[in-house]
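Each remark here refers to the structure printed beneath this line.
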Amino acid sequence: MSFKPLSALRARDDTAWVTVETRPAPKLHRAWLIAGAAFVALLASAGFRSAPGVLIDPLHQEFGWSTATISSAVSVNLVLYGLFAPFAAALMERFGIRRVSATALFVIALGAAGTVFMSASWQLILCWGVLIGAGTGSMAMSFAATVAARWFVRSRGVVTGVLTAAGATGQLIFLPLIANLAVGSGWRTASLVIAIAALAVVPVVLLVIRDHPADVGTTAYGAPADAEVARPASKTGSARRALSVLGQAVRTRTFWLLAVGFAICGATTNGLVGTHFVPAAHDHGMPQTTAAGLLALVGVFDVVGTIFSGWLTDRVDPRILLGVYYALRGLSLALLPQLFTDSVQPSMWAFILFYGLDWVATVPPTVALCVRAFGDAGPIVFGWVFACHQLGAAFAASAAGLVRDQLGNYNVAWYAAAVLAVLASVASLAIKRAKKPVPVLAS
């Protein structure tokens with residue numbers, strides 16, 4: 001065997017070329033920008049969602065209104081927050097996500113600013129209940145469900161979890177701020193801060209969010225490469241569409257089981273804990289700002305729990321997830337009355353961690369069950385299920401206020417909520433696996 005000199009090899013081919021294939025860096029899919037803007041919008045709309053618990057005492061001290069009177073305004077807010085959800089989903093089909101969400105943020109800002117000038121309880125109901133209820137209802141979880149269903153095929157459960165967590169993140173950001181402003185500068189300053197925050201997000205929504213992947217010539221994230229660019233839904237009457245979907249959904253057993261479970265979900269979260277945890281802790285001598293900080297921590301852990309729940313929803317039977325979530329929630333609520341003291345004990349820290357992880361972890365599996373059972377109408381069906389969530393929340397907010405006024409404490413409310421959570425667990429496990437989406441008329 002012989003070897004030629006290296007110089008000889010070079011002499012034979014002094015002009016050799018090496019071709020390197022270059023590929024453009026992958027672009028970020030537009031769906032992620034839409035999801036980011038939706039997260040910011042939901043974050044801003046969550047501002048006044050966190051306010052009632054820390055403003056009950058300041059309003060009582062200034063105007064002399066009873067807990068039941070103030071809670072009635074909260075109840076109106078919660079009812080409209082829920083009832084607007086299915087119509088908002090239909091409006092997004094008719095007028096687009098961008099216009100509906102921008103208008104909703106403006107209405108929230110109007111209601112928050114209007115509370116500064118109120119002097120009678122009916123004005124509280126108008127501003128805090130009607131305007132803010134309608135605005136936040138249009139930015140409710142059906143908004144998150146619509147964005148996730150329209151823009152994502154892959155990672156839909158995770159995105160639903162992240163967008164749902166935006167409400168908890170807003171609670172985290174706004175609750176301590178509102179509590180400190182209410183104590184230091186007055187509740188009117190807190191209301192104005194919320195109004196400004198809502199208005200500041202309107203340009204983000206108008207500049208970034210688009211109504212449908214077809215608007216920018218693309219397909220949903222994770223859709224097959226050869227899939228056609230989907231066209232927007234036909235623009236039929238919004239109210240007619242929402243009511244038509246409801247009329248067909250109520251004929252199914254799945255809808256009622258989801259509705260009952262989610263009504264109890266609302267009663268045990270927004271209605272009871274979200275509205276009355278701070279005044280209940282204050283009844284036991286805990287400073288209001290400390291209690292508000294604890295509720296904000298629920299929001300911290302809720303972000304983790306909801307995103308993880310979204311990840312699990314892509315991999316585990318959603319019915320089983322709901323059954324476990326509700327059962328664990330009932331256990332924690334049954335223990336809560338024994339945990340209240342004038343200071344924060346380790347047992348209360350454990351409750352905050354546990355309850356925070358479970359707070360709205362129920363949303364991703366509920367959305368998944370709606371989409372699996374009702375197909376393209378899933379976001380609207382979820383809007384109606386969410387309306388039941390808020391009816392349950394409104395009932396719990398008023399009932400707990402009456403319990404506090406009549407008995408001097410909230411113990412009965414906590415125990416009743418624990419029993420209801422167990423019933424929600426049973427209802428969730430009774431849902432049958434969807435074989436094929438229920439056909440829903442387009443009009």
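- The two residues Ala397 and Thr275 come nearest to each other via the heavy atoms CB-OG1, 4.3 Å.
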| Given Leu357 and Asp302, is the side chain to side chain contact (heavy atoms under 4.5 Å, CB included) satisfied, shown in steps? | CA-CA 5 Å; Leu357 292 173; Asp302 185 28; over 6 Å; no
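- Judged by distance alone, with hydrogens and angles left aside, the side-chain atoms of Ser309 form no donor-acceptor pair with the main-chain N or O of Gly305 at under 3.5 Å.
- Under the 3.5 Å distance criterion, with hydrogens and angles disregarded, a donor-acceptor pair is assigned to the side chains of Arg329 and Thr268.
- Here the SG-CZ distance, from Cys265 to Phe386, works out to 9.0 Å after rounding to the nearest 0.5 Å.
- Side-chain contact annotation: Tyr325 with Ser428, donor-acceptor N/O pair under 3.5 Å absent.
- In this structure, the salt bridge (Lys or Arg N to Asp or Glu O under 4.0 Å) partners of Asp317, at least two apart in sequence or on a different chain, are Arg319, Arg433.
- Trp384 pairs with exactly one of Phe255, Phe87, Trp256 by the ring pair (Phe, Tyr, Trp, His ring centres under 6.0 Å) rule, that one being Phe87.
- Note: Thr115 OG1 to Ile194 CD1 = 7.5 Å, rounded to the nearest 0.5 Å.
- Remark: side-chain polar atoms of Arg253 are paired, donor with acceptor, to backbone N or O of Ala430 under 3.5 angstrom.
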| Can you list the steps and then say if Leu199 with Phe106 is a side chain to side chain contact (heavy atoms under 4.5 Å, CB included)? | CA-CA 6 Å; Leu199 282 178; Phe106 179 78; 3.8 Å; yes
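- Here the rule is side-chain contact (heavy atoms from CB on, under 4.5 Å) with Trp151, and of Ile34, Val159, Leu33 only Ile34 fits it.
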| message | Quick one, Phe277 with Tyr410, criterion ring pair (Phe, Tyr, Trp, His ring centres under 6.0 Å). Give me CA distance, side-chain angles, the key distance, then yes/no. | response | CA-CA 9 Å; Phe277 178 86; Tyr410 288 97; over 10 Å; no
| Thr252/Phe374 under side chain to side chain contact (heavy atoms under 4.5 Å, CB included): CA gap, chis, key distance, verdict | CA-CA 10 Å; Thr252 67; Phe374 301 99; 3.5 Å; yes
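- In the model, Ser121 has no side-chain atom that pairs as donor or acceptor with a side-chain atom of Thr69 under 3.5 Å.
- Separation of atoms CH2 (Trp128) and OG (Ser191) is listed at 8.0 Å; rounding is to 0.5 Å.
- To the nearest 0.5 Å, atom OG1 of residue Thr136 and atom CG of residue Leu42 are 11.0 Å apart.
- Residue Leu328 holds its CG atom at 6.5 Å from CG of Asp358, rounded to the nearest 0.5 Å.
- Arg372 and Thr313 get closest at one heavy-atom pair: NH2-O, 3.8 Å.
- When the options Asp215, Ile209, Leu207 are evaluated for a side-chain contact (heavy atoms from CB on, under 4.5 Å) with Arg98, the one that passes is Ile209.
- Interatomic distance, Ile264 CD1 to Phe395 CZ, rounded to the nearest 0.5 Å: 11.5 Å.
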Hey, can you pull the donor-acceptor pairs under 3.5 Å for the side chains in residues 178-187, sequence neighbours left out?
unit_1 : atom_1 : unit_2 : atom_2 : d
Asn180 : ND2    : Pro176 : O      : 2.7
Trp187 : NE1    : Glu62  : OE1    : 2.8

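- More than 12 heavy atoms of other shown residues, nucleotides or ligands fall within 6.0 angstrom of atom CH2 in Trp32.
- Below 30°, between 30° and 60°, or above 60°: for Phe340 and Trp414 the angle between ring planes is between 30° and 60°, a tilted geometry.
- A distance-only check finds no donor-acceptor pair linking the side chain of Ser425 to the backbone of Ala421 [under 3.5 Å].
- Around CZ of Phe63, the count of heavy atoms belonging to other residues, nucleotides or ligands within 6.0 Å exceeds 12.
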| request: For side chain to side chain contact (heavy atoms under 4.5 Å, CB included), just list the numbers for Ile97 and Val205, CA-CA rounded to whole Å, side-chain angles, deciding distance to a tenth of an Å, and then say yes or no. | output: CA-CA 9 Å; Ile97 299 173; Val205 169; over 6 Å; no
